[in-house]
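Every chain is numbered from 1 and lettered A, B, ... according to where its sequence line falls, protein lines coming before strand lines.
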Number of protein chains: 2
Amino acid sequence: MIRQKAIEMVVKQGLDGFGVNRLAKAAGVSPATIYIYYKDKEDLIFQLGTDISKRMLADSLQDFDPDASFAEGLKKQWLNRMQFYLKHPLEVQFIEQIRYSNYYEEIQAELSKGFREVMGKFVHNAIERKELIPLPFEVYWSVAYAPMYQLIKFHNQGKTFTGRKFSLNDKTILQTLQLVLKALKP
Amino acid sequence: MIRQKAIEMVVKQGLDGFGVNRLAKAAGVSPATIYIYYKDKEDLIFQLGTDISKRMLADSLQDFDPDASFAEGLKKQWLNRMQFYLKHPLEVQFIEQIRYSNYYEEIQAELSKGFREVMGKFVHNAIERKELIPLPFEVYWSVAYAPMYQLIKFHNQGKTFTGRKFSLNDKTILQTLQLVLKALKP
DNA sequence: TTTAAATGAGCGAACGCTCACTTACCTTTG
DNA sequence: CAAAGGTAAGTGAGCGTTCGCTCATTTAAA
């Protein structure tokens with residue numbers, strides 16, 4: 001209950017609107033109870049953040065084969081991430097909220113341990129097979145994944161900054177993916 | 001002084017670390033002085049946000065010709081934005097901080113008024129000349145600009161999530177831009 | 001003498017957090 | 001097999017501090 005309400009509060013009211021006393025009231029427990037499970041407020045957010053991030057990462061690599069073709073592998077990753085969003089929209093928005101806060105740096109450090117290997121192998125394979133242009137990691141990441149996250153962001157806020165309503169669907173995802181694949185193919 | 005210190009505080013300590021009393025002390029004025037110029041805390045952040053965003057938008061369209069070729073036009077926009085970052089890194093980071101807070105929605109509403117026309121014409125021209133694939137606005141935006149913002153984000157945090165150090169340079173920018181142009185060309 | 005700008009003390013409310021205490025359930029005992 | 005004791009979980013009042021914000025007053029320029 002504490003977990004769930006904490007996520008809801010951060011998503012709905014932002015990090016500043018989130019407080020321990022208020023969380024206690026929302027979860028129907030005493031403030032003291034929260035401190036049985038979490039060292040302090042920072043620890044609470046850190047634990048929620050790492051737990052969710054780990055599950056996001058694990059899910060995004062589900063049924064992912066580092067030896068698959070680049071187009072197939074990237075598509076699998078995109079769809080996995082999208083599916084995670086559909087199943088856990090609040091968790092994704094929670095991560096979005098804390099991603100730009102000062103809490104996130106440690107969370108990322110906690111995550112990146114097992115991450116590099118899997119992704120490194122996949123990219124290395126793709127380059128060797130001439131399915132992917134050799135690129136600095138940052139360039140590759142910016143082109144391969146940033147568009148997808150932008151789509152999720154549009155979807156989350158329900159509209160674009162021009163005021164247009166927006167809701168994500170398979171056709172839009174795959175259309176964007178095709179453009180990205182075209183950009184990255186030699 | 002209030003403006004400058006407010007920006008510094010939000011960038012360095014995040015939105016939660018930012019408070020009126022602390023800002024007053026940092027700026028060397030009384031808390032009451034702040035309320036002469038700003039209605040309340042929300043108004044302060046809103047005014048800073050809109051001011052900066054407006055200057056960012058204006059600068060990104062500097063010397064921009066909606067009738068230029070798509071490749072040239074997009075390059076101009078990218079470079080303008082990059083240049084704004086180099087000149088005003090704190091302001092950009094400030095916007096990043098509040099972009100995911102609950103303050104930003106109104107700011108965006110304030111901005112999007114004059115924005116749609118200029119951009120609309122540019123994109124329309126490019127499609128007519130067959131320099132750009134016709135796309136839903138969200139797909140276009142996600143592919144055309146999200147990679148650039150991701151590069152800025154990497155630069156801002158000084159490293160990627162794999163721990164690698166990263167600093168933005170012209171070669172990286174133009175390399176990424178080339179990939180994006182390739183994706184969007186018919 | 002007027003007026004706008006700035007001040008510092010301090011308000012009530014909310015903050016993160018603690019502690020002495022109760023509750024509920026399990027184990028050990030005579 | 002009830003009584004006693006132990007343990008982990010949870011409580012509510014409330015602490016010291018900081019929050020956003022105000023107001024009677026002072027300062028300085030017009």
Does [X] have any side chain to side chain donor-acceptor pair (under 3.5 Å) partners at least two apart in sequence or in another chain, and if so, which?
| X | value |
| --- | --- |
| B/R3 | B/D51 |
| A/Y100 | B/Y100, B/K153 |
| A/R55 | none |

What is the distance from [atom1] of [X] to [atom2] of [N], rounded to the nearest Å?
| X | N | atom1 | atom2 | answer |
| --- | --- | --- | --- | --- |
| A/I34 | C/dG16 | CD1 | P | 10 Å |
| A/I45 | C/dG16 | CD1 | C1' | 12 Å |
| A/D16 | C/dA13 | CG | C1' | 17 Å |
| B/K25 | C/dT7 | NZ | C1' | 15 Å |
| B/M1 | C/dT7 | CE | C1' | 17 Å |
| A/Y37 | D/dA8 | OH | P | 13 Å |
| B/I36 | C/dG8 | CD1 | P | 12 Å |

> For every nucleotide of nucleotides 15-30 of chain D, 5' to 3': is a protein heavy atom under 4.0 Å from its base (B), only from its sugar-phosphate (S), or from neither (-)?
Replying inline: ----BBBBB-------

>> Among residues at least two apart in sequence or on other chains, which ones pass ring pair (Phe, Tyr, Trp, His ring centres under 6.0 Å) with A/F64?
In response: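 Applying ring pair (Phe, Tyr, Trp, His ring centres under 6.0 Å) to A/F64 gives A/F122.
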
> Who passes ring pair (Phe, Tyr, Trp, His ring centres under 6.0 Å) against B/Y104, sequence neighbours left out?
Replying inline: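 B/Y104: no ring pair (Phe, Tyr, Trp, His ring centres under 6.0 Å) contacts found.
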
>> Pairing donors with acceptors under 3.5 angstrom, does anything connect the side chains of B/Q4 and B/E8?
In response: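 Yes - a donor-acceptor pair under 3.5 Å links their side chains.
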
